[in-house]
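To start, the structure under review is shown below, and the notes come after it.
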Protein chains: 2
Amino acid sequence: MPQSAYPEIRKLDLFAAMAEDHFQTLMRGAYVQNFPAHIDLIAEGEPSDFLHIVLSGSVDLFAQWNGRDTSMATVRPISTFILAATIREAPYLMSARTLEKSRIVLIPSQDVRAVFDIDANFARAIVTELAQRYRAVIKTQKDLKLRTSLERLANYILRQQKRAGGGPTFGLEFEKRRLASVLGMTPENLSRAFKGLDPYGVVVDGTRITIGSQTDLERFAKPNPLIDDFTT
Amino acid sequence: MPQSAYPEIRKLDLFAAMAEDHFQTLMRGAYVQNFPAHIDLIAEGEPSDFLHIVLSGSVDLFAQWNGRDTSMATVRPISTFILAATIREAPYLMSARTLEKSRIVLIPSQDVRAVFDIDANFARAIVTELAQRYRAVIKTQKDLKLRTSLERLANYILRQQKRAGGGPTFGLEFEKRRLASVLGMTPENLSRAFKGLDPYGVVVDGTRITIGSQTDLERFAKPNPLIDDFTT
DNA sequence: TTATCGCCTTGACAATTATCAATCAAAAGG
DNA sequence: CCTTTTGATTGATAATTGTCAAGGCGATAA
């Protein structure tokens with residue numbers, strides 16, 4: 001793969017502390033691919049042959065059962081996905097597809113496992129990464145089980161506002177049908193949920209959101225760092 | 001702590017491969033406590049001072065928000081909980097309480113982190129454990145987002161049947177109100193859901209379940225290893 | 001044995017969420 | 001420019017799930 005991408009990858013927490021020659025081993029076996037939008041990268045149930053790294057663009061992780069499907073997460077640059085499956089040498093639990101034109105690094109899983117066995121710093125970095133992701137999923141589960149869809153939307157809006165800089169007006173990160181799926185509801189229900197936040201000063205104009213009354217919305221949403229803060 | 005518990009703990013995947021003196025370090029700082037039933041062990045939001053190991057009895061992990069609460073998981077002997085919080089030195093995301101009289105080992109989190117930094121085998125064991133738990137939570141999330149409560153119950157019954165040995169009659173692992181919370185529904189709804197499985201030959205007698213028609217139930221439940229098999 | 005307690009169940013009802021069909025609007029393509 | 005497509009919205013309706021109140025049933029203790 002082109003060496004130009006090395007420094008960016010090396011800077012990821014996952015790879016920052018490992019020995020240089022081990023990093024080179026991983027990079028030698030890796031390759032970069034450019035994918036157009038809306039391309040399936042992997043399917044749940046398949047063996048986990050590669051650890052993926054998104055260099056640019058974005059990727060949707062989703063799952064299916066009995067004809068239904070749901071968005072589980074969005075992967076944005078620069079970060080990895082399918083780490084747990086790679087480590088456990090187990091089949092993927094989620095499928096992945098590009099949301100837009102994306103540049104993706106593929107590292108053979110067996111290389112990852114081999115280096116993991118001989119590089120303690122890499123192993124420790126993986127622990128930290130996995131622990132962080134585990135906690136993120138637990139938070140999502142609490143969101144799903146403890147809140148109604150209206151409350152989930154309200155808290156999502158507050159999270160997204162913070163991500164976007166904290167101002168009263170900001171854009172959604174993806175299209176509404178996906179947002180609905182991420183939040184565990186139908187697009188119709190999402191549309192009505194936005195209306196339901198009208199009393200709290202939420203104004204929607206296409207993909208643009210304006211929070212008219214921050215305190216009202218927060219009083220309703222009751223955001224909680226143990227659910228909504230994904231940095232800890 | 002009493003040495004009698006050492007061998008059992010040592011046998012856990014998490015501790016099996018680490019250096020003996022590191023294991024001794026952990027055990028020296030650890031202590032065992034006996035708790036009666038229905039005692040709060042930890043509360044979400046508190047700093048994660050100890051890694052916990054359940055030696056006997058059982059523990060309920062639950063979470064609360066805005067006056068509501070939900071059961072996230074049950075911990076049975078012999079296994080650990082609060083591993084991710086310990087590793088990340090972050091506050092607990094879940095509270096824990098004993099379900100019955102329980103014997104629990106407490107290992108100071110700083111000891112775990114210290115040994116994790118110097119024992120590569122321990123670090124690797126933690127990776128494996130965390131990856132497995134991460135995948136378990138993803139499966140639960142798929143269960144929640146892709147299935148109705150009736151479908152979740154049907155699949156739970158099939159999973160529990162397998163755990164209990166595979167025969168047509170078996171017992172539930174805990175009281176129904178907790179089962180309802182674990183499955184993400186109210187006790188009333190659970191009660192009606194059991195009735196709703198009547199057409200598939202499910203007979204409920206208190207805590208005793210009998211599956212009259214295995215194939216009918218399976219045809220309805222559509223169990224899937226990528227959701228229901230927690231061993232991979 | 002009888003009283004009490006906790007849990008489960010049931011009925012009636014309300015809230016939430018999903019489904020289906022139609023329409024609208026904006027983006028993409030010719 | 002106009003057509004086609006796609007996603008978003010809306011209305012009507014149905015299914016699902018939750019809430020509240022009452023009653024039942026079995027375990028436990030006096």
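Proteins come first, then strands; the chains are lettered A, B, ... in the order of their sequence lines, and each starts at number 1.
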Check: Atom CZ of A:F174 to atom P of D:dA8: distance rounded to whole Å?
Finding: 12 Å
When you compare the protein's N or O atoms with those of nucleotides 12-15 of chain D, which come within less than 3.5 Å of each other, and at what distance?
unit_1 : atom_1 : unit_2 : atom_2 : d
D:dA12 : N6     : A:R192 : NH2    : 3.4

Margin query: Per the salt bridge (Lys or Arg N to Asp or Glu O under 4.0 Å) rule, what does the pair list look like for residues 90-101 of chain A, sequence neighbours excluded?
Written below: A:D60-A:R97
Check: Mind checking what makes side chain to side chain contact (heavy atoms under 4.5 Å, CB included) contact with A:Q214, not counting sequence neighbours?
Finding: A:L158, A:Q161, A:I211, A:E218
Margin query: If I take atom CD in residue B:E188 and atom C1' in nucleotide D:dG24, what distance separates them, rounded to the nearest angstrom?
Written below: 15 Å
Checklist line | CD1 on B:I107 to OG1 on B:T80, rounded to 0.5 Å | finding: 9.0 Å
Next item on the list: May I have the distance from B:N189 (atom CG) to D:dT19 (atom C1'), rounded to whole angstrom?
Entry: 12 Å
Exercise answer: donor-acceptor pairs, residues 199-206 of chain B side-chain atoms, under 3.5 Å, sequence neighbours excluded:
none

Notebook entry, point to check: Whole-Å distance between D:dT16 P and B:L190 CG?
Noted result: 16 Å
Item checked: side chain to side chain contact (heavy atoms under 4.5 Å, CB included) partners for B:D229, two or more places apart -> B:P225, B:T231, B:T232
Next item on the list: Within residues 176-187 of chain A, find the residues that approach DNA chain C with a heavy atom at under 4.0 Å, and present them sorted by residue number.
Entry: A:G184, A:M185, A:T186
Note to self: According to ring pair (Phe, Tyr, Trp, His ring centres under 6.0 Å), does anything in residues 140-187 of chain B pair up with another residue at least two apart or in another chain? List the pairs.
What the structure shows: none
Notebook entry, point to check: By side chain to side chain contact (heavy atoms under 4.5 Å, CB included), which residues pair with A:T169, not counting sequence neighbours?
Noted result: A:R208, A:T210
Next item on the list: Give the rounded distance in Å between these two atoms: CG of A:D205 and P of D:dG7.
Entry: 19 Å
Next item on the list: Can you sort out which residues in residues 141-157 of chain B have a heavy atom within less than 4.0 Å of DNA chain D? Ascending by number, please.
Entry: B:T148, B:S149
Check: B:Q160 and B:R163: side-chain donor and acceptor closer than 3.5 Å?
Finding: yes
Show me, pair by pair, the donor-acceptor contacts under 3.5 angstrom made by side chains of residues 180-193 of chain B, not counting sequence neighbours?
unit_1 : atom_1 : unit_2 : atom_2 : d
B:S181 : OG     : B:S71  : N      : 2.7
B:T186 : OG1    : B:N189 : N      : 3.2

Margin query: Applying ring pair (Phe, Tyr, Trp, His ring centres under 6.0 Å) as the test, list every pair that has at least one member in residues 64-83 of chain A; sequence neighbours left out.
Written below: A:H52-A:F81
Next item on the list: Only counting residues at least two apart or in another chain, list the ones meeting salt bridge (Lys or Arg N to Asp or Glu O under 4.0 Å) with A:R88.
Entry: none
